[in-house]
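First up is the structure itself, then whatever we jot down about it.
Bear in mind that the values here come from a model prediction, so they are computed numbers and not experimental data. Read the numbers this way: they start at 1 and go in the same order the structure lists the ligands and their atoms.
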Amino acid sequence: MGERKATARAHPNIALIKYWGNLNHEQRLPANTSLSITLGDLETRTMVFFDDRLKADEIFIDGAPASETASQRVQTHLDRIRRIADIETRASVDSKSTFPSGAGIASSASAFAALTLAAVVACDLQLDPRELSRLARQGSGSASRSMFGGFVVWHAGETDAESYAESIAGKNHWPLVDLIAIVDASHKTVGSSQGHRLAETSPLQNARLADAPRRLAICLQAIMQRDFSALATIVEQDSNMMHAVMMTSNPALLYWSPATIELMKTVTRLRSEGLSICYSIDAGPNVHCICTPEHADAALEELRHVPGVLDVLASRSGDGAEIIET
Ligand code: DP6
């Protein structure tokens, strides 16, 4: 095929209704439908260059050669795309993110969404958005959602064909802001992929899954009606239920640090004082504080001063993955 190059950008997302646990780990068919907001102000840019002269894939992440584990995961994903395109050409991949990876900001979501789109375009495949979302899902579950902008639902499905994401409302429908309070920017010890396997060892996971359709329906309605109070209650309950599963897995996963709990209490206090704000926590100690735009400045000021907070990143809702250069 000679040389073919494409660069894509994609944004991470914050799940309001979380993905935790799979029906099928190899294909990443999730145990429940999830819902997220795409975070437009944070991004990963990935260049994929298929080059016949390369003997092996070369993967760079944030300017340095990728670790063995990360490079294996990227190569496995490139193999999926090579199989569809019916090519053997190796690629050089250069991926850079504007936010710390491995700290519960779902860097795998933006990374695999950008990688999927760039690689597919570089090898001239014609895939529709749903097919792109399914393909990204196999690299990292939450990447299926980062293919789209605004508010995004990833339908769990029971087969590969049924498990894809779609946007249910655009970024301007309700311009919520995510203030991400960073309390630790180092790489987490137990990543999500391992965590999804542990979910089924918790006796609470079945209860969490049985109640998931109810939480999803309430969340969808809150978004459609822009009802912040209903949204806050369900988002915090969904996050707490996922962490209850994590903490009761075998071995147990405890992602929180003392500052995480300080932040949860601060958010609860701020809401009782009249600010429209709620928290959601992924597989890490950092706290996503979701608020309405009119309360973002006041909330940011308060969050910055919580003991243990190193930094607060702010992001509005944004667009799905897109090609920026070919
Ligand atoms: C806690 O998508 O990171 O952020 O498919 O193994 O890459 P892999 O897992 P990943 O899991 C995300 C878990 C979560 C919740 C969520 O984003 O829904």
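Near Ala15, with a cut-off below 4.0 Å to any heavy atom, the atoms of ligand 1 are 16 (C), 17 (O), 18 (O). Near Met242, with a cut-off below 4.0 Å to any heavy atom, the atoms of ligand 1 are 1 (C). Atom numbering of ligand 1 starts at 1 in the shown order; those under 4.0 Å from a heavy atom of Ser193 are 6 (O), 7 (O), 8 (P). Each of the atoms 3 (O), 7 (O) of ligand 1 lies under 4.0 Å from some heavy atom of Ser108. Every atom of ligand 1 with a heavy atom of Ala283 under 4.0 Å away is listed here by number and element: 1 (C).
Gln194 does not count as a contact of ligand 1, since none of its heavy atoms falls under 4.0 Å from the ligand. Remark: distances from the non-hydrogen atoms of Ala109 to ligand 1 are all 4.0 Å or more.
For the pair Val306/Lys265, no side-chain contact is recorded, criterion being any heavy-atom separation below 4.5 Å from C-beta on.
For the residue pair Ser193 and Arg28, a side-chain donor N or O sits within less than 3.5 Å of a side-chain acceptor on the partner. A donor atom on one side chain and an acceptor atom on the other are found under 3.5 Å apart for Asn13 and Ser146. In the model, Asp52 has a side-chain atom that pairs as donor or acceptor with a side-chain atom of Thr89 under 3.5 Å.
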Side-chain donor-acceptor distances from residues 295-303 under 3.5 Å, at least two apart:
| unit_1 | atom_1 | unit_2 | atom_2 | d |
| --- | --- | --- | --- | --- |
| His295 | ND1 | Ser276 | N | 2.8 |
| Glu302 | OE1 | Arg269 | NH2 | 3.4 |

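Residue Tyr19 is found in a hydrophobic cluster whose other members, listed by chain and number, are Trp154; membership requires side-chain heavy atoms under 4.5 Å apart, directly or through intermediates.
Between Gly141 and ligand 1, at least one pair of N/O atoms sits closer than 3.5 Å.
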